[in-house]
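This report concerns only the one structure given below.
Hydrogens, waters and symmetry mates play no part in the numbers below; they use all other heavy atoms, side chains included. Everything numeric in this text was worked out from a predicted model, so none of it was measured. Sequential numbering from 1 along the given sequence is applied to the chain's residues.
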Amino acid sequence: MRTIDKKTVVEAVAALCMEANRFLPADVLAAFARAKAAESSAAAREVFNQLEENAALAKETGLPLCQDCGLGVFFVEVGEDVRLAGGGLREAINEGMVRGYQDGFLRKSTCDPFSRKNVGDNSPAIVHFDLVPGDRLKITMMAKGGGSENMSRVMMLAPAQGWKGVREFVIRRVAESGSNPCPPIIVGVGIGGNFELAAINSKKALMRELDDVHADPEVAAMEADLLASINRLGIGPMGLGGGTTCLGVKVKLAPCHLASLPLAVNIQCHSARHKEVTL
């Protein structure tokens, strides 16, 4: 059994929050460059110029990539042979997130759902745990902004609707979202499981790198079909038109009940802020 001190987790999570909000992942920057080169629309190319300039300024100055620094969402893989010393794991992650948002001067967005009073420290961290073999702790942090999250949906389809129904729902959801989620977007799709698992899987799918091709050729074909269909909508970067509404579609499948076909679409804006650490 390996022991990790709570303080190590707190410091690692604080650093994750600050780095995720300041540094755009390399795969996203590469996708910007590819899309800009392929765009025929001058307005779309200019949007990509501004997105690249914004990312460079955030990296240089340490300012956040976006004024909406999001809710702190964490996916944590906990090794069966790991224990934490000095406190609980959820407590450590929450403490680290509060510290990271405070020390990094990141906007705190968590509020009471009815009074709308800001909690003041962005807590509580939203944490999903998975127990895995081994003695490591893998923590992935996502800063999820409100604009793109508002465009996400869960739908319980009838089994007979199959892939056709899934495809229609995903494309319609993006079309109806228009410019609201700050395109170019990334689309996470959870298919199967049940109501809550489909939603979690749709968000987990967003953690895959844009260059990653699904190991199952049939699922890879679904992702390619959805990406091409969404980009034919013509919404374009920031809704100004063009051929790049979406940078990538990532699908995560799970077995489901005979009577159900759960489907979730989680939309990520162009500022795809996530970062991971393994302790």
Side-chain angles (χ1 to χ4, degrees), residues 1-28 55 57-113 117-146 149 188 196 199-201 203-209 266 268 271-279:
M1 180 68 71
R2 177 167 170 258
T3 300
I4 299 176
D5 193 84
K6 176 191 171 187
K7 187 188 298 183
T8 303
V9 175
V10 172
E11 291 173 353
V13 169
L16 281 183
C17 293
M18 289 187 275
E19 291 172 12
N21 271 288
R22 292 170 176 165
F23 308 124
L24 211 52
D27 62 314
V28 177
L57 280 171
K59 185 177 180 180
E60 179 185 337
T61 63
L63 292 171
L65 286 152
C66 179
Q67 51 82 24
D68 183 353
C69 298
L71 298 184
V73 181
F74 295 84
F75 292 102
V76 185
E77 293 183 6
V78 185
E80 292 171 332
D81 299 320
V82 173
R83 64 178 291 274
L84 205 68
L89 183 54
R90 188 184 294 275
E91 172 192 349
I93 292 169
N94 194 64
E95 187 177 330
M97 185 206 66
V98 169
R99 184 184 298 181
Y101 271 71
Q102 185 63 36
D103 293 353
F105 302 100
L106 306 174
R107 194 185 85 178
K108 292 83 176 173
S109 300
T110 312
C111 72
D112 181 278
K117 182 180 179 183
N118 197 305
V119 172
D121 61 6
N122 223 43
S123 67
I126 298 168
V127 189
H128 305 285
F129 292 104
D130 283 314
L131 193 61
V132 299
D135 61 358
R136 301 287 179 181
L137 192 60
K138 180 180 174 183
I139 304 173
T140 304
M141 187 269 175
M142 167 186 262
K144 194 66 169 70
E149 192 78 345
E196 74 271 17
I200 291 171
N201 280 343
K203 187 158 286 181
K204 279 186 174 180
L206 293 173
M207 302 298 181
R208 283 171 51 200
E209 292 199 358
N266 195 205
Q268 170 63 54
S271 196
R273 296 158 296 175
H274 57 87
K275 194 168 181 62
E276 67 181 44
V277 66
T278 300
L279 302 173

For the backbone of [Y] and the side chain of [X], can you confirm whether one donor and one acceptor N or O come within less than 3.5 Å of each other?
X	Y	result
Asn122	Met97	no
Arg273	Ala20	no
Gln102	Phe105	no
Asn94	Ala125	yes

In Å and rounded to the nearest 0.5 Å, what is the [atom1] to [atom2] distance from [X] to [Y]?
X	Y	atom1	atom2	result
Gln67	Ser271	CD	OG	10.5 Å
Asp81	Arg136	CG	CZ	11.5 Å
Lys7	Glu95	NZ	CD	10.5 Å
Thr3	Leu84	OG1	CG	9.0 Å
Ile139	Leu16	CD1	CG	6.5 Å
Cys17	Arg99	SG	CZ	11.5 Å

Would you say the side chain of [Y] lies within less than 4.5 Å of the side chain of [X], judging by non-hydrogen atoms?
X	Y	answer
Leu89	Val127	no
Lys204	His128	no
Lys6	Glu91	yes
Leu65	Asn21	no
Val119	Lys108	no
Phe75	Asp130	no
Ile93	Phe129	yes
Leu57	Leu63	no

Indicate the atoms forming the closest heavy-atom contact of [X] with [Y], along with that distance.
X	Y	answer
Pro124	Thr110	CD-CG2, 4.3 Å
Lys138	Thr278	CG-OG1, 3.8 Å
Val82	Met1	N-SD, 3.4 Å
Pro64	Leu106	CG-CD2, 3.8 Å
Ala272	Val28	CB-CG2, 4.0 Å
Met142	Met207	CB-CE, 3.4 Å

Should we say atom CD of Glu196 is surrounded by more than 12 heavy atoms from elsewhere, each under 6.0 Å from it?
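Counting other residues, nucleotides and ligands, CD of Glu196 exceeds 12 neighbours.
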Run the side chain to side chain contact (heavy atoms under 4.5 Å, CB included) check on Glu80 and Leu131 step by step: do they pass?
CA-CA 6 Å; Glu80 292 171 332; Leu131 193 61; 3.8 Å; yes
Evaluate side chain to side chain contact (heavy atoms under 4.5 Å, CB included) for Lys144 paired with Lys203, printing each intermediate quantity in order.
CA-CA 10 Å; Lys144 194 66 169 70; Lys203 187 158 286 181; 4.1 Å; yes
